[in-house]
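Everything on this sheet refers to the single structure shown next.
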2 protein chains.
Amino acid sequence: MPTDARTTSRVRAADELKHAALEQFATVGFAGTSLQHIADEAGYAKSSVLYHFASKEALLEAAIEPAVEGFEDVLEVFLSARRSGRRGELVDRVVDLLLEHREAVHVFLTQGQSLSELPVIARANVAVRRLASAVCEERESVDDQVRFGIALGGAAFLLTAGRSFADESTLPSDDEMRDALRRIIAEILTPARTPSN
Amino acid sequence: MPTDARTTSRVRAADELKHAALEQFATVGFAGTSLQHIADEAGYAKSSVLYHFASKEALLEAAIEPAVEGFEDVLEVFLSARRSGRRGELVDRVVDLLLEHREAVHVFLTQGQSLSELPVIARANVAVRRLASAVCEERESVDDQVRFGIALGGAAFLLTAGRSFADESTLPSDDEMRDALRRIIAEILTPARTPSN
DNA sequence: GCAGACTCTGACCGATCGGTCAATTAGCGT
DNA sequence: ACGCTAATTGACCGATCGGTCAGAGTCTGC
């Protein structure tokens, strides 16, 4: 085995397979994606997929684990530095993560129910609940829950499935999208601060 | 054949099958749902499903067609009565439809890309584009697109997958949800009217 | 150049997929 | 009670599913 960390064949193949798998999982669903199709997309044989990953479930776990870890890290930083950490910063970083891991987020949000037995999905569930608490700051009214849910689900939808509605070449760049998302999501989570609770 | 319109066996069975199918399509995806499982859920044999519907695709079409028709009707009424029709009313009626047809909306929004060859999905695509135009009123800035996408996708997420985050019995009733959605979505689509375009 | 590990693949397995079909059962007009 | 139609079903089909396995190809340290 090469002691050098430079892209060994193993790492490169595994990355290609994870990328191809995530794309399929996000578009046709986990159950609707076949190992054969993932292998074809990545340019390998079906057997090779099961050489790098013990099972279809293990492949999904490996594919979305980086996204979950990213959210856990951001959340940890925000919760530990309770003083300096402003809520606006948290929103900005979460938006960055949504853009970076859009496919993984989409898979989790739209199929998390049917995949709840997978450990990494359970981890993501915990992270989302903690994120909701951090964002809503102890106020757990129905309004706050709705605002959080719309912001999260809406952003995830916009970044994946919603792209099919953008007419041809009108779809905004990632930078435009990041800017708009940061502003609008912050606005959604911070209502006009009406005197009522 | 009974001349009476009172629930003939045919209609009742077809309804049960459509309902069971829609639930599965929304949770595990169209490709991930088997006719066998739909039949089991509804209490029929797999052959019976294919007696009532020509194919798996035909079953999906029949199951989400009422939702598409509902959206087309609301849109038609709004666009024809251009004078009296206020935008707030449109939002209210769309929210009602989202609540009534939440599973169909979820299927369309999360799997519309991979099902775009089905005629009813194409119809729904047209309807959504027209809805976006009606809601954004000719202003098609990136911000407006993002606001519309977040509102639509967020509401759909909240009404289906998002339910798994509500702790136990804390999840709000449909009436609470309808109320919150109407207010918050109207607020999202009508930003603080900053002087900038 | 040889040995041993690493990577990749085709052949194969039982199970399940969507779909067809002939036969059986249930329901209704007469 | 009879006969016709509509409703339902089990047996069956080829294809594909996730997964196993033994072997071929490839690379590296010595």
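Each chain gets a letter, A, B and so on, in the order the sequences are listed, and its residues count up from 1.
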Subject >> Atom pair distance, as rounded to whole Å: OH in B/Y44 and P in C/dA26 >> reply: 14 Å

**OP:** Side chain of B/A45 only, please: which of D/dG10, C/dG10, D/dT8 is the nearest?
**Re:** D/dG10

Original post:
Pairs in or reaching into residues 10-40 of chain B: which pass ring pair (Phe, Tyr, Trp, His ring centres under 6.0 Å), with residues at least two apart or in two chains?
Top reply: B/F25-B/F30

Original post:
Between D/dT8 and B/H52, is there an OP1 or OP2 to side-chain N/O distance shorter than 4.0 Å?
Top reply: yes

Original post:
With A/V128, which of A/V105, A/L152, A/V68 fulfils side-chain contact (heavy atoms from CB on, under 4.5 Å)?
Top reply: A/L152

Original post:
Above 12 or not: heavy atoms from other molecules or residues under 6.0 Å from CZ of A/R93?
Top reply: no

Subject >> Residue pair A/S116 / A/I121: nearest heavy atoms and the distance that separates them >> reply: CA-CG2, 4.0 Å

Original post:
Is any side-chain heavy atom of B/V146 closer than 4.5 Å to a side-chain heavy atom of A/M177?
Top reply: yes

Each nucleotide N or O in nucleotides 16-20 of chain D that has a protein N or O under 3.5 Å away: list the pair and distance.
unit_1: D/dC17; atom_1: OP1; unit_2: A/S34; atom_2: OG; d: 3.0
unit_1: D/dG18; atom_1: OP1; unit_2: A/T33; atom_2: O; d: 3.0
unit_1: D/dG18; atom_1: OP1; unit_2: A/K56; atom_2: NZ; d: 2.9
unit_1: D/dG18; atom_1: OP2; unit_2: A/L35; atom_2: N; d: 2.8
unit_1: D/dG18; atom_1: N7; unit_2: A/K46; atom_2: NZ; d: 3.1
unit_1: D/dG18; atom_1: O6; unit_2: A/K46; atom_2: NZ; d: 3.4
unit_1: D/dG19; atom_1: OP2; unit_2: A/K56; atom_2: N; d: 2.8
unit_1: D/dG19; atom_1: O6; unit_2: A/K46; atom_2: NZ; d: 2.8

Subject >> Gap between atoms CZ and C1', on A/R10 and D/dT26 respectively (whole Å) >> reply: 14 Å

Subject >> d(OH, B/Y51; C1', D/dA7) in whole Å >> reply: 5 Å

Original post:
Relative to each other, are the rings of B/Y44 and B/H52 parallel, tilted or perpendicular (30° and 60° limits)?
Top reply: perpendicular

